[in-house]
Amino acid sequence: MSDRQLTHLPTRAMSLTLRATLLFALIASMVVSAVGFYLYYSMDKELVRRADYQVSGRVQYFRHLLANEFPLSQLSRNPGLFENMLGNERDILTFRLSGEKLLINVNPSRLALPPVAAVPDGQPLTLNTVHHLTAADGTPVRFARAAVQIQDGRTVEITGAHFMTEESRLLQTFRWEIIGAVLFAYLLIAALGYLVIRRGLRPLRNMAHEAAQIHPASLSTRLSSENAPQELQQLIYSFNDMLDRLAEGYQRLTQFSADLAHEIRTPVGALMGHCQVALYQPRTVEEYETLLANNIEELERISRMVENILFLARASDARSVLTITSIDVSSEITRIQEYFEGLAEEREMTLHGQGEGTLHADAILFQRALSNLVANAVRYGREGSAIVLRAEPHAKGMNIRVISQGEPVPPEKLGKLFDRFYRADASRSEGGSSSGLGLSIVQAIMALHQGSVSVTSSAQGETCFTLYFPASDRKLSQ
């Protein structure tokens with residue numbers, strides 16, 4: 001496999017369950033780590049505080065002992081006693097007369113303490129008077145130094161130090177326990193979180209399974225919202241609404257395909273029949289000319305049908321090519337009256353224009369929409385009746401009405417008039433120039449202008465088509 005093929009291979013995305021599990025476990029481990037760090041810091045602080053109390057208390061004890069007439073000579077005669085009293089084999093305790101050598105020096109580690117000022121006699125020892133340093137092996141050391149005046153007036157400096165060996169071991173053990181607890185908590189929370197999240201996402205998997213069962217032959221199937229969580233119900237409703245629109249569009253497309261096949265089959269069949277009859281026996285030149293003229297009529301009908309179908313197919317993408325201009329409605333109505341005057345006279349019908357005003361629309365598409373309505377009125381109107389073209393401006397825009405007299409249209413057929421290839425009176429359309437696409441084109445043109453087309457029909461046979469164009473401040477942006 002080439003490098004180019006490898007680069008086009010789809011990468012497998014991490015599942016939502018695993019992603020949520022890892023994120024949840026990470027957050028939980030961070031919380032546990034923060035709690036462990038706080039406990040570790042609190043424990044370290046508490047151990048230091050206790051060590052400081054121990055050091056200051058020890059120095060204060062000998063300070064009080066010497067201040068209460070305890071003989072210094074007796075202290076110097078029993079240095080081993082102090083080693084037993086310290087408890088920790090590395091702790092330090094020293095006594096020194098001011099300006100003289102050490103009287104007692106209990107310092108098993110031979111640690112040299114830094115020179116610090118002793119707390120004066122009479123001033124109490126506090127935690128702030130305890131100092132710290134680190135031994136060569138890294139063990140923390142807490143020490144304090146205080147002065148006391150004995151009975152003969154001399155001053156003795158007492159120094160006490162505590163090696164935090166056990167405390168360091170305890171903190172180290174506690175530190176590893178915290179690390180182990182965090183790792184265990186991370187794994188445990190990840191495992192439990194994975195099970196909980198996977199169970200919580202079960203409705204989503206069920207929804208995906210139901211959606212996978214939907215295909216063109218079962219577009220009536222809908223996702224079930226029963227027992228679905230609230231977070232998914234809105235998604236299910238939206239998905240079902242989309243399926244409704246798809247089913248309606250698929251049904252229209254199926255019907256359109258069947259109607260298109262039927263509409264094209266008729267003229268093609270007629271052409272084939274004419275040619276077969278002409279070829280059955282020799283004909284005169286005049287007969288061949290008549291045959292060709294009839295065939296041209298059928299071909300022109302097919303050409304118009306294809307042109308209309310292409311227009312409807314491109315209408316959804318034609319918004320960007322609209323040329324919006326200001327249109328004088330009165331002049332356009334007069335122009336269309338003059339254009340259809342001859343056709344109307346053949347059926348002894350009259351055209352009347354009413355109203356005036358200005359609207360913003362594509363001039364060519366406006367003429368086409370209005371012409372289709374007038375042609376429809378002339379074709380299906382009652383002979384000898386009048387057709388009225390009326391402009392009605394109002395605050396939200398303008399209505400253009402085409403009113404004709406004829407047979408009433410049943411209410412159940414009004415909603416189908418704008419369907420492609422639909423004819424309310426098929427007997428009056430056969431063999432004519434009507435393709436059943438005129439009103440569909442009108443609806444598409446009005447949708448491009450963000451307007452609408454509607455129709456009403458009274459029991460007396462008055463049919464009114466209304467084109468609504470929005471006002472100029474609401475018109476389609478160019």
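On a predicted model such as this, the values are computed, not experimentally measured, just so you know. Residue numbers run from 1 in the order of the sequence given.
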Any donor-acceptor pair under 3.5 Å from [X] side chain to [Y] backbone:
X    : Y    : result
Y339 : T334 : no
E210 : S224 : yes
E287 : T284 : yes
S238 : Q234 : yes

- Message: Using the side chain to side chain contact (heavy atoms under 4.5 Å, CB included) criterion, which residues pair with T466? Sequence neighbours excluded.
- Response: N399, R401, S454, C464
- Query: Listed by chain and number, what are the side chain to side chain contact (heavy atoms under 4.5 Å, CB included) partners of L299, not counting sequence neighbours?
  - Reply: L271
Shortest non-hydrogen contact from [X] to [Y]?
X    : Y    : answer
G381 : S385 : C-OG, 4.4 Å
V141 : A161 : CG1-CB, 4.1 Å
V329 : M398 : CG2-SD, 3.4 Å
A377 : S404 : CB-CB, 3.8 Å
T221 : L243 : O-CD1, 3.7 Å
V55  : A144 : CG1-N, 3.5 Å

Under 6.0 Å from the [atom1] atom of [X], do we count more than 12 heavy atoms belonging to anything else shown?
X    : atom1 : result
H394 : NE2   : yes
E348 : CD    : no
F340 : CZ    : yes

- Task: Could you please spell out the steps behind the side-chain contact (heavy atoms from CB on, under 4.5 Å) verdict for L373 and L467?
- Result: CA-CA 10 Å; L373 293 182; L467 303 179; 3.7 Å; yes
Between side-chain atoms of residues 176-186 and protein atoms elsewhere (two or more places apart, or another chain), which donor-acceptor pairs fall under 3.5 Å?
none

- Item | Step-by-step side-chain contact (heavy atoms from CB on, under 4.5 Å) determination, V442 to I445 | CA-CA 5 Å; V442 173; I445 291 174; 5.8 Å; no
Mind checking whether [X] and [Y] have side chains closer than 4.5 Å, heavy atoms only?
X    : Y    : value
V378 : I387 : yes
Y53  : V130 : no
T134 : T139 : no
I327 : H360 : no
R335 : E332 : yes
V402 : L370 : yes
L22  : L18  : yes
S168 : F163 : no

Enumerate donor-acceptor pairs with a distance under 3.5 Å from any side-chain N or O in residues 188-200 to protein atoms, sequence neighbours excluded.
none

Tell me which donor-acceptor pairs under 3.5 Å the side chains of residues 349-356 have, and how far apart each pair is, sequence neighbours excluded?
unit_1, atom_1, unit_2, atom_2, d
T350, OG1, H352, NE2, 3.1
Q354, OE1, R390, NE, 3.0

For the atom pair [atom1] ([X]) and [atom2] ([Y]), what is the distance rounded to the nearest 0.5 Å?
X    : Y    : atom1 : atom2 : answer
T21  : L26  : OG1   : CG    : 12.0 Å
L223 : L235 : CG    : CG    : 8.0 Å
S457 : K413 : OG    : NZ    : 11.0 Å
N295 : M272 : CG    : CE    : 12.0 Å
I400 : I333 : CD1   : CD1   : 5.5 Å
L170 : D44  : CG    : CG    : 10.0 Å

Return the set of residues passing side chain to side chain donor-acceptor pair (under 3.5 Å) with [X] (not counting sequence neighbours), or none when no residue passes.
X    : value
E46  : R49, R50
D328 : S331
E289 : none
Q405 : E462

- Does the side-chain contact (heavy atoms from CB on, under 4.5 Å) test come out yes or no for H162 and F143, once each step is laid out? CA-CA 6 Å; H162 174 65; F143 70 97; over 6 Å; no
- Item | Intermediate values then yes/no, side-chain contact (heavy atoms from CB on, under 4.5 Å), F465 and I403 | CA-CA 7 Å; F465 285 88; I403 306 172; over 6 Å; no
- Task: For F469, enumerate each residue passing the ring pair (Phe, Tyr, Trp, His ring centres under 6.0 Å) test, keeping only those at least two apart in sequence or located in another chain.
- Result: F366, H449
- Pairwise side-chain hydrogen bond (donor to acceptor under 3.5 Å, both in side chains) hits with a residue in residues 30-42, at least two apart: Y40-R175
- Query: According to the salt bridge (Lys or Arg N to Asp or Glu O under 4.0 Å) rule, which pairs have a member within residues 336-345, sequence neighbours left out?
  - Reply: none
